[in-house]
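See structure below.
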Amino acid sequence: MKTSAILTALAIGALSLQSCGGDQHQNSGTGTDGSEVKQFVLNEVIKSSSASYKVASPGFPDAYLTIRSSVQWPEKIGNYDIKALQDTIIKISFPNFKGSGIDNAITSYVKDYAIYELGDGVTPVDSVPQATAENPAYEAGLKVDMLEITEQTATYAVSYYQYLGGAHPNGGSTPFTYILDEGKVAGLDWLFKPGYEQALTPVLKNAVAAAAGVEPGELQNYMLANSFPITNDVCILEGAIVFHYNPYIILPYSFGSIDANISPYQVRDLLSPQASKLLLE
């Protein structure tokens, strides 16, 4: 088996962000003309690993499986204590992992070929030959990407994919926004006041229809269920509240993933006090 761990330091340290007023999580520098330059330090590394396997099952041709994982791992965000953020990334990305440490989580993931139930005769290999109809090559993987960083929030997407035969690969993602000074994820209960569901639903339906490229009145014709679900996969991105629907959750695979963007001003009366402060002030 060939398992590689690549730790690539990104040259993102001392990322400068615009800011109003002082902040304990900022550093300051001075430009050549004497003007003050605010700095919000972000240190991040990319951690990745992969492993390949030969799968032999009696009565079937040999197949191959490659499992990959790549994580944009935060090591410093301003002067915040980000241990809880790091733990959150591991928990959401690797829910079956029982150990500790991101390196162990990644290597455990790429070694766990048994969950794909491809057969009992699995042998680690250093490389995978060219795929053919007689000897197919399958893939599975997981990525964690930082989508956005601000002085108050860090937004990530945990994405997975797999192709184990069939008409098309399967995949999806779980986005989330972490509130840095509170040490928690901005889920639905953080974003909205209790009882928000009824008033939010028509606004969200219109946003889903727009993202899917259909008229709001036609959305029900394409939905896979009679009821309209409010997804738990929600994040804050570029000042908007983004509701993410993976394929098959609400619409057929042909529509792909749906990201329904809602301006906080559209739902300002539904926002919790903490969400109003973050998004509207």
Heavy-atom nearest pair, Ala186 first then Ile236, reads CB-CD1, 4.3 Å

For Val128 and Ala137 the tightest heavy-atom approach is CG1-CB, 4.2 Å

Common cluster, Ile230/Phe176, ILVMFWY with side-chain heavy-atom separation under 4.5 Å: no

Would you mind reporting whether Val242 and Pro175 have side-chain heavy atoms less than 4.5 Å apart?
no

When Asp259, Asp233, Thr174 are each screened for side-chain hydrogen bond (donor to acceptor under 3.5 Å, both in side chains) with His244, the one that passes is Asp259

Any sub-3.5 Å donor-acceptor pair from Asp62's side-chain atoms to Asn135's backbone N or O? no

Answer yes or no: is there a donor N or O on one side and an acceptor on the other, between the side chain of Glu148 and the main chain of Glu238, under 3.5 Å? yes

Rounded to the nearest 0.5 angstrom, the OG-CG distance for Ser70 and Asp145 is 7.0 Å

Hydrophobic cluster membership, with links at side-chain heavy-atom distances under 4.5 Å among I/L/V/M/F/W/Y: are Val267 and Leu188 in one? yes

Lys193 side chain vs Asp269 backbone, donor-acceptor pair below 3.5 Å: yes

- Any side-chain heavy-atom pair of Ile179 and Leu278 under 4.5 Å: yes

Ser173 and Asn246 have their tightest heavy-atom pair at N-OD1, 2.8 Å

* Asked: Between Arg68 and Glu139, is any pair of side-chain heavy atoms under 4.5 Å apart?
  -> yes

| said: Side-chain heavy atoms nearer than 4.5 Å, only ILVMFWY residues, links allowed to pass through others: does that put Leu251 and Val214 together? | reply: yes

Checklist entry - Within the distance-only criterion (no hydrogens, no angle test), does the side chain of Gln86 pair as donor or acceptor with the backbone N or O of Pro74 below 3.5 angstrom? => result yes

* Considering only heavy atoms from C-beta outward, does the side chain of Met146 approach that of Leu42 to under 4.5 Å? -> yes

**OP:** Let me see the working for Ile262 and Leu200 under side-chain contact (heavy atoms from CB on, under 4.5 Å), right down to the final yes or no.
**Re:** CA-CA 10 Å; Ile262 293 180; Leu200 176 63; 4.1 Å; yes

Rounding to 0.5 Å, atoms CG (Asn104) and NZ (Lys98) come to a distance of 15.0 Å

The side chain to side chain contact (heavy atoms under 4.5 Å, CB included) partner of Tyr109 among Ile67, Ile115, Val71 is Ile67

Is there a path of hydrophobic side-chain contacts, each under 4.5 Å between heavy atoms of I/L/V/M/F/W/Y residues, joining Val122 to Tyr163?
yes

Smallest heavy-atom separation, Tyr80 atom then Gln152 atom, equals OH-CA, 4.5 Å

Between the CG atom in Asp126 and the NZ atom in Lys54, the distance rounded to the nearest 0.5 Å is 13.0 Å

Check: Counting only heavy atoms not in Gln198, do more than 12 sit closer than 6.0 Å to its CD atom?
Finding: no

Legend entry - Cluster check Leu142, Leu85: I/L/V/M/F/W/Y, side chain < 4.5 angstrom: yes

Residue pairs passing the ring-ring contact (aromatic ring centres under 6.0 Å, His included) test with at least one member in residues 187-233, sequence neighbours excluded, are Phe192-Tyr196, Tyr222-Phe255

Rounding to 0.5 Å, atoms NZ (Lys38) and CD (Glu151) come to a distance of 9.0 Å

Rounded to the nearest 0.5 Å, the OG1 atom of Thr153 sits from the CG atom of Leu279 at a distance of 9.0 Å

Any side-chain heavy-atom pair from Pro252 and Leu224 closer than 4.5 angstrom?
yes

OG (Ser52) and CG (Leu65) are apart, to the nearest 0.5 Å, by 7.5 Å

Ring pair (Phe, Tyr, Trp, His ring centres under 6.0 Å) with Tyr53: of Tyr113, Tyr64, Tyr138, Tyr116, only one passes, and it is Tyr113

Do Phe94 and Ile89 touch side chain to side chain, with heavy atoms closer than 4.5 Å? no

field: Close side-chain approach of Thr150 and Thr155, heavy atoms under 4.5 Å
entry: no

In short, Ala157 meets Leu147 closest at the heavy-atom pair CB-CD1, 3.8 Å

Closest non-hydrogen contact found for Pro247 with Gly171 is CD-O, 3.9 Å

Contact check, side chains of Tyr156 and Ile92, non-hydrogen atoms, under 4.5 Å: no

